Amino acid sequence: MTTNRRVFRVSSLIQQEVSQMLLNDIKDDRVGSGMVSITNVDVSGDLQHAKIYVSIYGTDEARSKTMAGLKSATGYVRRELGRRIRLRRTPEVMFIEDRGLEGGDQMLNLLNQLSQERQSKQLEDDISGAQA
């Protein structure tokens, strides 16, 4: 059984290596159609499975194309991880789309909209109070 510290180290190594692959090595045009970043890597306790969470910025079409490109590059990514990271067995890789950043962006937009509405209402109240 592996320790939590080892699982954390392996997941951070996988995140670094896959990020480098996304920048330099994966030549699939579908992967470049949206801006891709790796938000998290979840490695199982036995180091046999790795879930790679990716955030894709772009349209829904770009997201679906990028996910299709990442799924088709799974074999290449696993093979490269086996070559770059020395482990007894290379974990199986699965890409999962992470929509958490998108939800956070929507929340910020809503908060900004509320703030602007409050400021405009306060300005209207100040103007009507000054006229009276």
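As the structure is a prediction and not an experimental result, all values here were calculated from the model.
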From [atom1] ([X]) to [atom2] ([Y]), nearest 0.5 Å:
| X | Y | atom1 | atom2 | value |
| --- | --- | --- | --- | --- |
| Leu23 | Ser37 | CG | OG | 10.5 Å |
| Lys65 | Met67 | NZ | CE | 15.5 Å |
| Ile56 | Leu70 | CD1 | CG | 6.0 Å |
| Glu80 | Glu17 | CD | CD | 9.0 Å |

Between the side chains of Asp98 and Thr39, does any donor sit under 3.5 Å from an acceptor? yes
Closest contact, heavy atoms only, [X] versus [Y]:
| X | Y | value |
| --- | --- | --- |
| Val7 | Val43 | CG1-O, 3.6 Å |
| Ile38 | Gln15 | O-NE2, 3.3 Å |
| Ala50 | Ile14 | CB-CD1, 4.2 Å |

Those residues at least two apart in sequence (or on a different chain) that pass side chain to side chain contact (heavy atoms under 4.5 Å, CB included) with Asn40 are Tyr53
Taking only residues two or more places apart in sequence, or in another chain, which ones meet Ser12 in a side chain to side chain contact (heavy atoms under 4.5 Å, CB included)? none
Option passing side chain to side chain contact (heavy atoms under 4.5 Å, CB included) with Ile52 (candidates Asp42, Val18, Ile96): Val18
State, yes or no, whether a side-chain contact exists between Val77 and Phe95 at a heavy-atom distance under 4.5 Å. yes
Backbone of Pro91 reached by a side-chain donor or acceptor of Arg78 within 3.5 Å: yes
